[in-house]
Amino acid sequence: MPGGRLTHEERRQIAAGLADGLTYSEIAGRLQRPVSTITREVTRNGGAGGYDADRAHHATAIRARRRRPAVPPPAPAVLDGRDPRTTGELEETFTAMLVDTGLSRTAARVLVSLYVTDSGSLTAAELVQRLQVSPASVSKAVGRLEQHQLIRRERDPRRRRDRYVIDGDILYPSWMASARRNAQLAAAALHGAEALDPASPAGARLKSMGRLLQHLSNEMIRAAENWHDTFDDR
């Protein structure tokens with residue numbers, strides 16, 4: 001029928017018509033098809049001088065399979081009894097904020113997933129399924145988070161696989177690690193200032209940088225210890 005797919009027999013009639021020297025309009029009239037359909041069919045399959053019905057039919061079948069829409073991802077499962085839409089919006093908000101701090105998007109999504117899960121722990125396979133990313137992407141992301149001490153790894157003896165864990169207290173060692181890195185940078189900057197002469201422009205610049213980082217490191221440590229001693233009810 002006009003507008004439907006060409007059948008194998010129709011393609012053979014097109015080939016026969018071309019061999020007989022018929023125009024596209026004449027072939028379209030025979031098949032009761034739009035002229036545009038015949039023109040497009042012949043043009044995309046070798047032209048009037050190279051059209052082959054069997055080859056054209058096979059190529060069309062391959063193109064149809066390639067155009068077949070992908071299976072849509074499964075609907076998000078209810079997480080810990082919560083509405084998936086609400087949880088998803090919350091995750092997107094926190095992920096965007098963490099990306100702004102310098103984390104990669106996958107690392108940010110892993111971190112947020114752990115925070116919004118009541119158990120506070122997920123396996124690599126669960127993260128792959130939840131985030132719809134490759135195992136390699138998850139491995140790279142958790143490695144980065146472990147490096148910054150934002151998550152920790154625990155071995156699940158029953159399932160013989162690692163679980164990645166986060167809890168409220170894990171930010172404390174991460175914060176302290178950041179303070180120590182600032183202290184190390186401060187020491188390097190102050191050493192560089194002495195090496196270059198603190199009175200020179202470059203030395204003065206490094207000295208100012210070192211003093212600022214030293215001050216920030218001290219304040220970070222003081223604030224973290226105060227919170228840990230005063231507000232951490234665990």
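Values below: all heavy atoms of this structure, side chains included; hydrogens, waters and symmetry mates excluded.
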Mind listing the closest non-hydrogen atom pair of E10 and L31 along with its distance? O-CD1, 3.9 Å

Without swapping roles, check the side chain of E219 against the backbone of L216 for a donor-acceptor pair under 3.5 Å. no

For A179, is there any backbone N or O sitting under 3.5 Å from a side-chain donor or acceptor partner on S217? yes

Should L90 and L103 be regarded as members of a common hydrophobic cluster, given that ILVMFWY residues are connected when their side-chain heavy atoms come within less than 4.5 Å of each other, either directly or indirectly? yes

Decide yes or no for F94 and V116: does some side-chain heavy atom of the first lie under 4.5 Å from some side-chain heavy atom of the second? no

Work out which heavy atom in A202 is nearest to a heavy atom in L196; give both atom names and the distance. CB-CD1, 4.0 Å

Are side-chain heavy atoms of S134 and V138 found at a separation under 4.5 Å? no

Using a distance-only test with no angle check, is there a side-chain donor-acceptor pair under 3.5 angstrom linking T39 and S36? no

So, using side chain to side chain contact (heavy atoms under 4.5 Å, CB included) as the criterion, who are the partners of S139 when residues are at least two apart? none

Do V112 and E92 come within less than 4.5 Å of each other through their side chains, counting heavy atoms only? no

Closest contact, heavy atoms only, E146 versus R153: OE1-NH2, 2.7 Å

Non-hydrogen side-chain atoms of V165 and L114 separated by less than 4.5 Å: no

How far apart are the closest heavy atoms of A186 and G210, and which atoms are they? CB-O, 3.3 Å

Between E41 and Y51, is there a side-chain donor-acceptor contact under 3.5 Å, judged purely by atom types and distance? yes

K207/E194 salt bridge by N-O under 4.0 Å criterion: no

Please report the interatomic distance CG(L212) to CG(L185), rounded to the nearest 0.5 Å. 11.0 Å

Could you tell me whether the side chain of N226 and the main chain of R222 form a donor-acceptor pair under 3.5 Å? no

Would you check, one step at a time, whether the test side-chain contact (heavy atoms from CB on, under 4.5 Å) holds for I14 with I38? CA-CA 8 Å; I14 292 173; I38 305 305; 3.9 Å; yes

Quick check for you: to the nearest 0.5 Å, what is the distance between L131 atom CG and E91 atom CD? 8.0 Å

Atom pair CG (N45) and CZ (R55), whose distance is rounded to the nearest 0.5 Å: 8.5 Å

If we only count heavy atoms from C-beta on, is the E154 to D162 side-chain gap below 4.5 Å? no

Correct closest heavy-atom pair for V99 and A108 would be CG2-CB, 4.0 Å

Using a cut-off of 6.0 Å, state whether more than 12 heavy atoms not belonging to H58 lie near its atom NE2. no

So do R30 and E26 actually touch side chain to side chain, heavy atoms under 4.5 Å? no

Flag for R109-T95: side-chain donor and acceptor within less than 3.5 Å: no

Between D54 and R12, does a side-chain contact (heavy atoms from CB on, under 4.5 Å) hold up when you go through it step by step? CA-CA 8 Å; D54 294 336; R12 286 177 176 151; 3.9 Å; yes

Kindly indicate, with the supporting measurements, whether the criterion side-chain contact (heavy atoms from CB on, under 4.5 Å) is fulfilled by V35 and I27. CA-CA 8 Å; V35 176; I27 295 172; over 6 Å; no

What are the two closest heavy atoms between A141 and T106, and how far apart are they? CB-CG2, 3.8 Å

Looking at side-chain heavy atoms only, is the closest gap between L127 and Y164 below 4.5 Å? yes

Is it true that a side-chain atom of T117 and a backbone atom of S119 form a donor plus acceptor pair closer than 3.5 Å? no

Can you tell me how far apart CG (L213) and CZ (R181) are? Round to the nearest 0.5 Å. 12.5 Å

4.5 Å side-chain heavy-atom contact, L150 and I166: no

Could you grab the distance from atom CZ of R161 to atom CZ of R163, nearest 0.5 Å is fine? 8.5 Å

Is it the case that S113 and R130 place a side-chain donor and acceptor less than 3.5 Å from each other? yes

R144: partners by side chain to side chain contact (heavy atoms under 4.5 Å, CB included), with sequence neighbours left out: Q147, H148

Passes side-chain contact (heavy atoms from CB on, under 4.5 Å), I221 versus M176? Steps please. CA-CA 6 Å; I221 292 173; M176 295 296 285; 3.9 Å; yes

So CD of Q129 and CD of Q132: to nearest 0.5 Å the spacing works out to 7.5 Å

If you count every heavy atom of other residues, nucleotides or ligands that lies below 6.0 Å from R211 atom CZ, does the total exceed 12? no

Heavy-atom count check: over 12 atoms from other residues, nucleotides or ligands less than 6.0 Å from E9 CD? yes

